[in-house]
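Here is the structure we will look at, set down as structure tokens.
Letters go in sequence order (proteins before strands), and every chain restarts at 1. Just so we're clear, the structure is a prediction, and the values are computed from it rather than from any experiment.
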There are 2 protein chains.
Amino acid sequence: MLSNLKRPITLKESALNELKEAITLGYFAPGERLVERVLCEQLGVSRTVIRECIRHLESDQLVIAKANVGPTVATLNPEEVSEIYEIRSMLEVSAVRSCALVADETVITDLENYCDLISRSLTSGNIKEALSDTRLFYQSIFIAGGKTVAWDLVERLNSRIGQLRAVTLSSQGRSVAGPKNLLAIVAAIKAHDADTAAQACAEHLAQAKEIALNELDS
Amino acid sequence: MLSNLKRPITLKESALNELKEAITLGYFAPGERLVERVLCEQLGVSRTVIRECIRHLESDQLVIAKANVGPTVATLNPEEVSEIYEIRSMLEVSAVRSCALVADETVITDLENYCDLISRSLTSGNIKEALSDTRLFYQSIFIAGGKTVAWDLVERLNSRIGQLRAVTLSSQGRSVAGPKNLLAIVAAIKAHDADTAAQACAEHLAQAKEIALNELDS
DNA sequence: TATTGTATGATGGTATACAATCTAAAAATA
DNA sequence: TATTTTTAGATTGTATACCATCATACAATA
């Protein structure tokens, strides 16, 4: 009953997921041109499907399409990255606040479990898993806080900085501070202390932003 | 030089614009099904083009596509609308703050001109023109404040509440308060008074939110 | 009445064709 | 040689035809 609106996974969807992952994981270099025919062969689907995927990627701003030339993988400049982290901070802080006010026991145990999973994945070096669990962690916060639109925006913003996120996460994870920050957020939520939770969240994001910006000009 | 990246307007682009306008202006009822073949005839283009348009609208969340059934015009519930206005408020307040800190004479005269245009359009009952000028007003603020990513998000959010915006704008315009609020923002920006500008902006948005929510359950 | 077929229409997907346009190499020119 | 022009190839934009699958409404049956 979770998502009974589009149960059947279409070819276009799975192709889109593959392309998204390929872009965010850096299999395509930023600025690289994406040629329809080549993608058709690589993914084993027709041009129709590829074109629909490209339109989707275009409106997600993962690629930039020029008429009669085709799409290229979007590049990130420091200003954009900086702004993306600032917006994320606003949205996440707001969600954390709302969550702290209404969170019940179920939500809190969920969050604690995710923290645990994230720590474990990070210590074992499984970045991909850590990213996925971090996503679930924040998703729980946003949903609990009733911020579904904001969550959607955050996901879009995150997909645009996908490459950087892997770096920031592993960097934050290597230090002790990263998971500690998340635990601080959960503790404050548990205590229904919105201000403290908001501040912990803001600090975590500011830290991530610094790491991302450093990574970007390297 | 504004958008020299995609000068050639393709069929798909113009069809997409027509569809967007048709949806945001309410020519299609919320929840109504969009049938490919019908759209092909109405717009005089092939299914290929229509399908790409639908994918684009889908990822803009103006339509909701169900696999094997097709797209329907998205409906708005009060929670979504409320959240959209809250997010807009966060983003716009932030942009107004930045703008107030850096705005030069050029920006300010632009803003004053737009205010004038908006007032005139509203008194003459030209809502469409007023919407367009309001867009330019805020765009100037965001660009001046260096918030290009945020501006993009605001435009997406606005397109989702397109029907409501026409109502709120004309409602705010009928009262004297609406244009007065905008003038207050400009005055504060002119004085480089970020706090006052931010507050005026927040009030304006809160007002718009109320009107929109009232309209929604009528 | 409730269930099961069945017909119809829409979508998801493929393949193909062709014109317009871009790109890059080849050729011509200075 | 350096620069411009031409030209051929590659790629996109769009149209069309076709098939399989799914959804829905309706008819037939028990």
Legend entry - Gap between atoms NZ and C1', on A:Lys66 and D:dT11 respectively (whole Å): 13 Å
Inset, instruction - Examine distances only and state if a side-chain atom of A:Ser82 and a backbone atom of A:Pro78 form a donor-acceptor pair shorter than 3.5 Å. - result: no
Legend entry - Gap between atoms CD1 and C1', on B:Ile9 and D:dG13 respectively (whole Å): 15 Å
Legend entry - Sequence neighbours excluded - salt bridge (charged side-chain N to carboxylate O under 4.0 Å, His left out) pairs with any residue from residues 101-112 of chain A: A:Glu112-A:Lys190
Which side-chain N or O atoms in residues 146-154 of chain B pair as donor and acceptor under 3.5 Å with protein atoms at least two apart or in another chain?
residue, atom, partner, partner atom, Å
B:Lys147, NZ, A:Glu86, OE1, 3.2
B:Asp152, OD2, B:Arg156, NE, 3.1

Inset, instruction - Rounded off to whole Å, could you give me the NZ-to-P distance for the A:Lys12 and C:dT14 pair? - result: 13 Å
Inset, instruction - Rounded to the nearest angstrom, tell me the gap between atom CG in B:Leu11 and atom C1' in C:dA20. - result: 12 Å
Legend entry - Close side-chain approach of B:Asp60 and B:Lys20, heavy atoms under 4.5 Å: yes
Legend entry - Polar side-chain atom of A:Ser89 near backbone of A:Tyr85 as donor-acceptor pair, under 3.5 Å: no
Inset, instruction - Examine distances only and state if a side-chain atom of B:Ser94 and a backbone atom of B:Met90 form a donor-acceptor pair shorter than 3.5 Å. - result: no
Side-chain donor/acceptor pairs under 3.5 Å, residues 27-38 of chain B, sequence neighbours excluded:
residue, atom, partner, partner atom, Å
B:Glu32, OE1, B:Ala29, N, 2.9
B:Arg33, NH2, B:Val69, O, 3.0
B:Glu36, OE1, B:Arg47, NE, 2.6
B:Glu36, OE1, B:Arg47, NH2, 3.1

Inset, instruction - Mind checking the NZ-OG1 spacing from B:Lys12 to B:Thr48? Nearest 0.5 Å is all I need. - result: 13.0 Å
Legend entry - Salt-bridge criterion met for B:Lys128 and B:Glu21 (N-O under 4.0 Å): yes
Inset, instruction - Would you kindly give the CG-to-P distance between B:Asn68 and C:dT11, to the nearest whole Å? - result: 10 Å
Legend entry - B:Arg47 CZ - D:dC18 P separation (whole Å): 14 Å
Legend entry - DNA chain D contacts among residues 29-36 of chain A, heavy-atom distance under 4.0 Å: A:Arg33, A:Leu34, A:Val35, A:Glu36
Might you list the N or O atoms of the protein lying below 3.5 Å from N or O atoms in nucleotides 8-10 of chain D, with each pair's distance?
none

Legend entry - Closest contact, heavy atoms only, A:Cys201 versus A:Val96: SG-CG2, 3.9 Å
Inset, instruction - Check each residue of residues 49-57 of chain A for a non-hydrogen atom within less than 4.0 Å of any atom in DNA chain C, then write out the ones that pass by number, or none. - result: A:Val49
Legend entry - A:Asn77 (side chain) donor-acceptor with A:Glu79 (main chain) under 3.5 angstrom: yes
Inset, instruction - Nearest-nucleotide wise, let me know which of B:Val38 and A:Gly44 is further upstream toward the 5' end of DNA chain C. - result: B:Val38
Legend entry - Residue whose nearest DNA chain C nucleotide is more 5′ - B:Pro71 or A:Ser46: B:Pro71
